Participant: 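For reference, the structure I am asking about is given below.
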Amino acid sequence: MGPQGSGKGTQARMLAEKFNLQLFETGSVLREIADQDTEIGRKIDDIINKKGQFVPWKLLKKVLDQKVSKFDKNKGIVFDGTPRRMEEIKYWENILPTLNRKIDYIFYVAISKEESVRRLSIRKLCKENGHPLIVGKDISEEDKKCPICGSEVYRREDDTPEKILNRLEWNEELLSPVIKYYKEKNMLIEVNGEQSVENVFGEIIKRIENHESRIINLYS
Ligand SMILES: [Zn+2]
């Protein structure tokens with residue numbers, strides 16, 4: 001978990017690669033559906049691409065229900081972008097035991113609101129996978145292709161500082177009870193997201209190797 005711009009998606013991908021896990025990226029799952037010319041696809045497209053908003057829980061639940069049945073039973077999972085609100089915590093706490101799974105680690109990549117705004121203002125996304133690309137670091141202003149997947153890059157219409165700040169505040173309102181919930185249960189491993197990608201990852205790996213906050217029995 002982490003605020004927008006925290007780089008949590010990159011960390012999730014790196015974790016999946018290092019430990020050979022399947023990656024459940026809520027954002028890319030939603031984008032995939034938004035690309036489809038179906039009723040639910042058009043609805044989600046409007047919410048995430050045109051309005052840049054959160055998908056309401058009722059709609060997201062439908063999507064999750066579909067995806068859960070397709071999990072690879074022989075692999076662990078990294079979740080990115082869920083849970084982001086209290087309903088999702090309940091959802092996973094109900095579903096995971098029925099799949100014979102438990103949560104091992106919950107990471108929170110922390111960055112300040114100012115840093116979040118700064119990073120989002122200079123960010124572009126790629127069309128196919130939504131890879132966040134920082135202008136001046138990952139790509140130049142003129143680059144048209146994503147260096148990771150080669151698809152086209154674009155700047156989101158509503159990525160203006162004012163709109164970004166609005167979104168952040170709104171997201172924070174939803175996320176903060178989630179953070180509080182896991183903190184109180186002593187399950188949250190917070191890492192400093194305001195350092196290089198490699199150092200953030202190093203910190204995550206160290207915390208795993210130390211078996212820090214390993215969640216032994218979430219459901220008791
Ligand atoms: Zn890409």
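Indexing begins at 1, ligand by ligand and atom by atom, following the structure's order. Just so you know, residue 1 is the first one in the sequence shown, and it goes up from there. Heavy atoms only: backbone and side chains are in, while hydrogens, waters and symmetry mates are out. In this text the structure is predicted, and so the values were computed from the model without any measurement.
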Participant: Does atom NZ (Lys75) have a neighbourhood of more than 12 heavy atoms from anything else shown, all under 6.0 Å?
Facilitator: yes

Participant: Below 2.8 Å, which protein N, O or S atoms neighbour the Zn ion (ligand 1), ignoring water?
Facilitator: Cys126 SG, His131 ND1, Cys146 SG, Cys149 SG

Participant: Please state whether the rings of Phe79 and Trp92 are parallel, tilted or perpendicular, taking 30° and 60° as the class boundaries.
Facilitator: tilted

Participant: For residues Arg13 and Leu23, report the shortest heavy-atom separation together with the two atoms involved.
Facilitator: CG-CD2, 3.5 Å

Participant: Name the residue from Glu152, His131, Glu141 that meets the side-chain hydrogen bond (donor to acceptor under 3.5 Å, both in side chains) definition with Lys124.
Facilitator: Glu141

Participant: Answer yes if the side chains of Gln4 and Ser116 hold a donor-acceptor pair under 3.5 Å, and no otherwise.
Facilitator: no

Participant: May I ask you to decide if the ring planes of Trp57 and Tyr91 are parallel, tilted or perpendicular, using 30° and 60° as cut-offs?
Facilitator: perpendicular

